[in-house]
2 protein chains.
Amino acid sequence: MQKAAIERNNEVIAAQLAPVGRETVQDRVYSELRRALIGGLFEPSQVLTIRGLADALVTSTMPVREALGRLITEKALEALPNRSVRVPPITLERIDDLLRARILIEGEAISLAASRMGPRQIATVEGLLREWDEIRALKHKKDVDREVTLNQSFHFEIYRACGSAVLIPMIESLWLQSGPCIRVAIYAFSEAGEVDTARYHRTMVSALASGDAQAAREALVADISRPFTFLRSKLQSAKEQT
Amino acid sequence: MQKAAIERNNEVIAAQLAPVGRETVQDRVYSELRRALIGGLFEPSQVLTIRGLADALVTSTMPVREALGRLITEKALEALPNRSVRVPPITLERIDDLLRARILIEGEAISLAASRMGPRQIATVEGLLREWDEIRALKHKKDVDREVTLNQSFHFEIYRACGSAVLIPMIESLWLQSGPCIRVAIYAFSEAGEVDTARYHRTMVSALASGDAQAAREALVADISRPFTFLRSKLQSAKEQT
DNA sequence: TCAAAGCAAGTGTGATCACATATCAAAAAT
DNA sequence: ATTTTTGATATGTGATCACACTTGCTTTGA
């Protein structure tokens, strides 16, 4: 009986081959729409149609409608009584509501992460910070998309360390809801704003490295508050003009 | 021109007729599954099939698969790599994780509600409390479903007063995730447990009536912690036996 | 000239079909 | 007797169709 030999051969094969994964079309559509939403590629109040998205993503309507349904339950999109779906419009109340929730939950997450991040994770986020500096150094073209992605990686690398399978999906939902809002703030941000962001991020990392949960939380609150307060004042003045 | 007369006639009709509403089949399926999950009608680790649910709910597969997808994104259900879906199993870590998140978010919600609930809302929750007492008074049959519904109404009547369109869906998601867990605790609860629940609820109401956010939060934490710690010790001992 | 009716294109929803994969028990091979 | 193979059934996924409703423009009527 060559059972042992076969077993050994299978193990060798398993070591060489990476799992191919079986992502469905629906999952890819969902991920793509998430990416677009968080990146602020859709404008607030923009309406989305199933067939339109299906054409744009080169699939049929079926995966799109299922992805839209999922995004609607996450409040990342909004179902109108007309049965059409749009990205939620910005209001003053919504901005304050979102910021409060983000401070509450992301603050808790980073506070938990402070006592759980090892040198390994600290090094990773420091690497992301360095990568960011490099991009800002050669500032010929405004690679906003790259910065958004990097910012997202930075934050979620920290949140992932909090070890909560419940909090992280909630934070993802909050980012999904905030995405269309803060994009307009990002575009309007001057060089000064980005310098601030980098400083807050560095403060967060050093606080995390020393296990100072309170300092990390405060730096995070300052970081995520800034685009919201900026957007708030902008909306406020726009409202007064009318 | 009888335009004014027509207008008046239309208003009369509008006053007599109630909006008929256009709830889709998918929405009804979703609501029904939510109710079942929060009520703990499904057991942890139970697998659900699209066609099975479609038969049980007397519809086709289409609305069911969409409802399942939405519940999966809310983490109320879990998609296995086999592409089958089940209600998430209970683990010690998950219990602690859920309780921490619920204390954080529902605590914030009730704290906000404390300064926003008027006499009108206070009266409503007091009415729910009285209704509960009546049910407990004629305790011939264990109407657990009714108590679960009443408990849910009580809490969400308060949460709704917090005025946050962001926090409330998150709390709903947390209840969806907790439902299958706490059902086993509810069944095991003795009469003593229910008396405690009623006491905590009364404490909450009087704290809310006097606008004492801190006291309301503490009573809430005690209320929602109890089934979790009960379940925790039960799971702990079951684990030690093996 | 302007409001109301009518028409046509577009859109979401649900049903059904086809296909690939998963599951499990019976049969075959060792 | 145990393991492997095989075959039948069940299940999720995506495509397509039919239907109802919405929307915006054109046409009709006052």
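Atom CD in E66(B) sits roughly 15 Å away from atom P in dG12(D) (whole-Å rounding). Rounded to a whole Å, the CG atom of L48(A) is 12 Å from the P atom of dT11(C). The nearest whole Å value for the distance from the CG atom in L80(B) to the P atom in dT13(D) is 11 Å. Going from atom CG of L77(B) over to atom C1' of dG12(D) covers 15 Å, rounded to whole Å. Atom P of nucleotide dT13(D) and atom CZ of R28(A) are separated by 13 Å, given to the nearest angstrom. Atom CZ in R86(A) sits roughly 17 Å away from atom P in dT22(D) (whole-Å rounding). Following rounding to the nearest Å, L68(B) (CG) and dT13(D) (C1') show an atom-to-atom distance of 13 Å. As rounded to whole Å, 15 Å separates atom P of dG14(C) from atom OH of Y30(B).
Within the 4.5 Å cutoff, the side chain of F156(A) has heavy atoms near those of the I171(A) side chain. The shortest side-chain heavy-atom distance between F228(B) and L98(B) falls under the 4.5 Å cut-off. For the pair Q177(B) and R94(B), the minimum side-chain heavy-atom distance is below 4.5 Å. Put simply, the side chain of E172(B) reaches to within 4.5 Å of the side chain of R34(B), judged on heavy atoms. Side-chain atoms of I38(B) and Q152(B), non-hydrogen and from C-beta on, do get closer than 4.5 Å to each other.
Q26(B) comes within contact range of the sugar-phosphate backbone alone, with a heavy-atom separation under 4.0 Å but no base atom that close.
Here the nucleotide nearest the side chain of T49(B), chosen from dG12(C), dT11(D), dT13(D), is dT11(D).
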What are the atom names and distances for every N/O pair under 3.5 Å that joins the protein to nucleotides 16-23 of chain C?
| residue | atom | partner | partner atom | Å |
| --- | --- | --- | --- | --- |
| dT23(C) | OP1 | N82(B) | ND2 | 3.1 |

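The environment of E43(A) atom CD is sparse: at most 12 non-hydrogen atoms of other residues, nucleotides or ligands sit within 6.0 angstrom.
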